[in-house]
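Comments concern the structure below.
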Amino acid sequence: MKMILLGAPGAGKGTQAARICKKYGISHISTGDMFRENIGNNTELGKLAKTYIDAGKLVPDEVTLAMVKDRLAREEKGFLLDGFPRTIAQAQGLKELTELDCVLNIDVDTDLLLNRITGRRICPKCAGTFHVSTLESNVCPVCSAELVQRADDNEETVKARIDVYNAQTKPLIEYYGENVKTVDGNQSADEVFEGIVKVLEAI
Ligand code: AMP
């Protein structure tokens, strides 16, 4: 299965992508994670990406497309692209690279997004994602490591990211038209996943 996952920042793409990839045995390809890995390793790509990510802007299309092209060339099984494409130009570039079996969109009300992202905490050890409202302390409930907040999850940057989503990424829903399967993301993670599995089983 080759699929893409659309949705605003905070829609739950990362959480659902991990569950989908585990259930169906496909690769989870997150462009955000790839950029963060490059930033962590202080590569040239990481240094460039950081200037855009910290400002809540998109990394330029040609840079992002080249990174995805390289990654897909090494892909041997099915995959889920999480956070890509984010612009029409990226979607056109992707079309040149591969066919898709599914375009999944997680739809969440805007007022929920800000709360979800600013309350998000990440475990640097097991990569788990949590929300402060469900935590008793700042320690990972799975592996006990100290949780951190993503640098771009502060309120100012999140607002910029949501504006960028509305201007540049939301038009993809129209671009993919009737191929888009939309799932209501205003529910618990378990309920959203149930909705996604129903959609995928019907394909
Ligand atoms: P994410 O982890 O998907 O929320 O992505 C974090 C940040 O990485 C975004 O706010 C962008 O700055 C950058 N980024 C991730 N994916 C893309 C993409 N497909 N195109 C451009 N920038 C991206």
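Numbering starts at 1 and runs along the sequence shown. In each ligand, atom 1 is the first atom listed, and ligand 1 is the first ligand listed.
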Protein residues having a heavy atom less than 4.0 Å from any atom of ligand 1: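 The 4.0 Å shell around ligand 1 contains T31, G32, F35, R36, I53, K57, L58, V59, T64, G83, F84, R86, Q90, R150, D152, R161.
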Point-to-point distance, once rounded to the nearest 0.5 Å, from CZ of F130 to OG1 of T15: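 Going from the CZ atom of F130 to the OG1 atom of T15 covers 9.5 Å.
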Contacts of K198 that satisfy side-chain contact (heavy atoms from CB on, under 4.5 Å) - sequence neighbours left out: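 side-chain contact (heavy atoms from CB on, under 4.5 Å) list for K198, sorted by chain: empty.
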Over 12 non-hydrogen atoms of neighbours within 6.0 angstrom of NZ in K47: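 More than 12 heavy atoms, drawn from other residues, nucleotides or ligands, come within 6.0 Å of this atom.
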Partners passing side-chain hydrogen bond (donor to acceptor under 3.5 Å, both in side chains) against N154 (at least two apart in sequence or in another chain):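 With neighbours one apart ignored, the set is T157.
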D61 versus A89, closest heavy-atom pair with distance: OD2-CB, 3.3 Å
Pairwise salt bridge (Lys or Arg N to Asp or Glu O under 4.0 Å) hits with a residue in residues 165-190, at least two apart: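 The answer is R19-D190.
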